[in-house]
Amino acid sequence: MSFEPLTPTAFLVRAGAVFADRVAVIDEDRRYTYAQFLDRALRLAGALRGLAVEAGDRVAVLAPNTHVLLEAHYGVPFAGAVLVALNPRLTAGDLTGIVRHAGASVLVYDGDFDAVAREIGAANAGLRLVRADEYETLLQGAQPYRSAVEDERALLAINYTSGTTGSPKGVMYHHRGAYLQALAMALHTKLDASSRFLWTLPMFHCNGWCFTWGVTAAGATHVCERKVEPARVWRHLAESGITHFNAAPTVLVMLAWHESAQPLQGRVAVATGGAPPTPALLSRLASLGMDVTHLYGLTETFGPAVICDWHPEWNAASAEEQARFKARQGVGNVIAQRIRVVDSAGADVARDGTALGEIALRGNNVMLGYYRDEEATRRAAPDGWFRSGDLAVVHPDGYLEIRDRAKDIIISGGENIASIEVERVLVSHPAVMEAAVVAGPDPVWGEVPVAFVTLKSGVVVSEQHLIDHARASLAHFKAPKRIVFGDLPKNATGKIQKFVLRDRAKGP
């Protein structure tokens, strides 16, 4: 009587009744109400059962941000199966390995990926391929089906890490964590039934930070976007009544200085994660009508576990001080346990904004572990606290601020240099759009900072000028010794691939 297993699919069951006639999904010329959305998800479950998918089987989906991938977030677990949302920007070889590692029995795929899907199918014997047009036929002929969730900590989804530091690992999500994380995201971003959420963040990435379920929990409208291009996003912002979207800082940089950029008529709530947004970027977005909230998390934490929770009294602070507050990662979200920053012995560092340690997390929004990799799971949580690999300080008010990835700290002549600190100074120059700093070899100092910089369109500035700009704000040993101009390599979620840059920095 007093217990019901938590599952994020319950949000669609509720929305299908409470918001039955409201528009739930917009995908180009398609419009589905919440009643139709629920019916399609239930029919997808029935279709999968008809394909001999049983409880616990893995179902992979290879698609951009479309209604197909969104429906799979409900239809696959309705069938009692486990969702494996694939990154469509990976190579066919990488995807083949992931599908094999996951042991998927069915691959649902968008027509744009015909050749890749056939290659995956050829290398995975017994894998049933379902193209998007066949998908529609299967739904029409299927009976609605819904499997009961008996254990809220049962496997819901497997999300593969982006592989920036090695082979992708399968992160196991459970129903309870996704349910709670979805509610946290809806609460913190103030989603409600009048909201329109633009899908600029990939749905395959941490299940869209669990907004695939959180938007539905609020009864808001999902606006799908197959291709995240600045011109298309600005058209949506101008014409589609968008109130919310999420994006990596690199996407925000592209939007902020795109030729289509213009002040919006209303305010749009934007959540971003990854590298801290710079004061210059925050100021530019604010002038365009975008209110940015900084989040922090990993695939292993169902997406954002930390939020820069805004205090109303900070509204009275100067613009510079507000930007400094917003650049901090913050505190645990509403359903998270207290986030710790620990030293090498596992003890909490001082809350003085100076002592450096590694971010450690545990709780309902931390993974079950890595799929079929117990050793990696043990290494990731040696004492029951998941180690993020990110180095941070804790300010006296309890808000944490990342200084660097552990592997990105540059040790020059015995001195530690945080790459983020150098990057912030570089992007403060009006000519710089993006910057990434890594360690390059040096015969005297061991390592020195090497900067890779993307300039704004039509702007020219010399290497020495930027080095002098950095030296004006930093100790000289922290300033980059070399600057390379050009586009920065990024993975499918917009993160800069520093391992690629480290290899380049080893060159002449």
Side-chain angles (χ1 to χ4, degrees), residues 89 162 164-165 228-231 233 247-261 272 274-285 323 327 403-405 407-412 417-508:
R89 298 171 194 168
S162 53
T164 56
T165 58
V228 180
E229 299 170 350
V233 174
T250 52
V251 174
L252 297 183
V253 168
M254 290 189 293
L255 291 175
W257 283 283
H258 191 264
E259 60 184 12
S260 302
T272 189
T278 66
L281 178 59
L282 289 169
S283 176
R284 171 66 173 168
L285 293 173
R403 289 288 189 253
D404 222 334
R405 291 286 294 174
K407 64 181 180 300
D408 291 338
I409 285 287
I410 302 163
I411 304 174
S412 185
I417 303 171
S419 63
I420 289 177
E421 180 184 11
V422 185
E423 289 161 2
R424 284 179 179 171
V425 171
L426 289 172
V427 297
S428 71
H429 192 285
V432 175
M433 186 165 73
E434 288 185 291
V437 175
V438 299
D442 185 87
V444 176
W445 304 109
E447 294 180 341
V448 293
V450 176
F452 293 81
V453 170
T454 302
L455 298 176
K456 293 175 184 175
S457 179
V459 179
V460 177
V461 67
S462 72
E463 177 183 14
Q464 189 58 49
H465 177 80
L466 285 185
I467 291 174
D468 291 341
H469 172 76
R471 286 177 173 173
S473 301
L474 298 168
H476 280 208
F477 77 90
K478 292 184 178 182
K481 301 301 184 287
R482 183 158 56 97
I483 293 180
V484 181
F485 295 102
D487 293 335
L488 304 181
K490 297 166 186 171
N491 66 14
T493 58
K495 294 178 182 177
I496 295 169
Q497 295 176 308
K498 285 196 170 181
F499 71 96
V500 175
L501 297 180
R502 279 192 287 270
D503 285 340
R504 292 181 185 174
K506 295 175 184 177

**Q.** Nearest-0.5 Å distance that lies between atom CG in L252 and atom CZ in R284
**A.** 12.5 Å
Q) Once you round to the nearest 0.5 Å, how far does CZ of F452 lie from CZ of R504? A) 6.5 Å
Q. Just wondering, do F485 and L466 contact through their side chains at under 4.5 Å, heavy atoms?
A. yes
Q | Set of residues satisfying side-chain hydrogen bond (donor to acceptor under 3.5 Å, both in side chains) with respect to E229, sequence neighbours excluded | A | none
Q: Mind listing the closest non-hydrogen atom pair of E463 and I483 along with its distance?
A: OE2-N, 2.8 Å
(Q) I need the S419 OG to R424 CZ distance, nearest 0.5 Å. (A) 10.5 Å
**Q.** Minimum heavy-atom distance between A436 and K498, given as atom pair plus value
**A.** CB-CE, 4.3 Å
Q. Going by heavy atoms in the side chains, are P489 and L501 under 4.5 Å from each other?
A. yes
(Q) Does V437 form a side-chain contact (heavy atoms from CB on, under 4.5 Å) with I410? I'd like the steps, not just the answer. (A) CA-CA 9 Å; V437 175; I410 302 163; 3.9 Å; yes
Q: Please report the shortest heavy-atom distance between A435 and I496, naming the atom on each side.
A: O-CD1, 4.5 Å
Q. Between R482 and A505, is there a donor-acceptor pair closer than 3.5 Å when you use the side chain of the first and the backbone of the second?
A. yes
**Q.** Minimum-distance pair of heavy atoms, taken over all atoms of T272 and A248
**A.** OG1-C, 3.6 Å
(Q) To check you understand the geometry: which heavy-atom pair defines the closest contact between P249 and L281, and what is its length? (A) O-CD2, 4.2 Å
(Q) For H258 versus P230, what's the shortest heavy-atom pair and its separation? (A) CD2-CB, 3.3 Å
Q | Value rounded to 0.5 Å, distance of OG1 in T454 from CG in L426 | A | 11.5 Å
Q. Can you tell if the side chain of V422 reaches within under 4.5 Å of the side chain of P480, non-hydrogen atoms only?
A. yes
Q: Identify, with sequence neighbours excluded, every residue that meets side-chain hydrogen bond (donor to acceptor under 3.5 Å, both in side chains) alongside E259.
A: none
Q.
Here's a test for you: under side chain to side chain donor-acceptor pair (under 3.5 Å), which of H465, H469, K456 qualifies with H429?
A. H465
Q: List the steps and the verdict of side-chain contact (heavy atoms from CB on, under 4.5 Å) for L455 and V432.
A: CA-CA 5 Å; L455 298 176; V432 175; 4.2 Å; yes
Q) About how many Å separate NZ of K490 and CZ of R89, when rounded to the nearest 0.5 Å? A) 11.0 Å
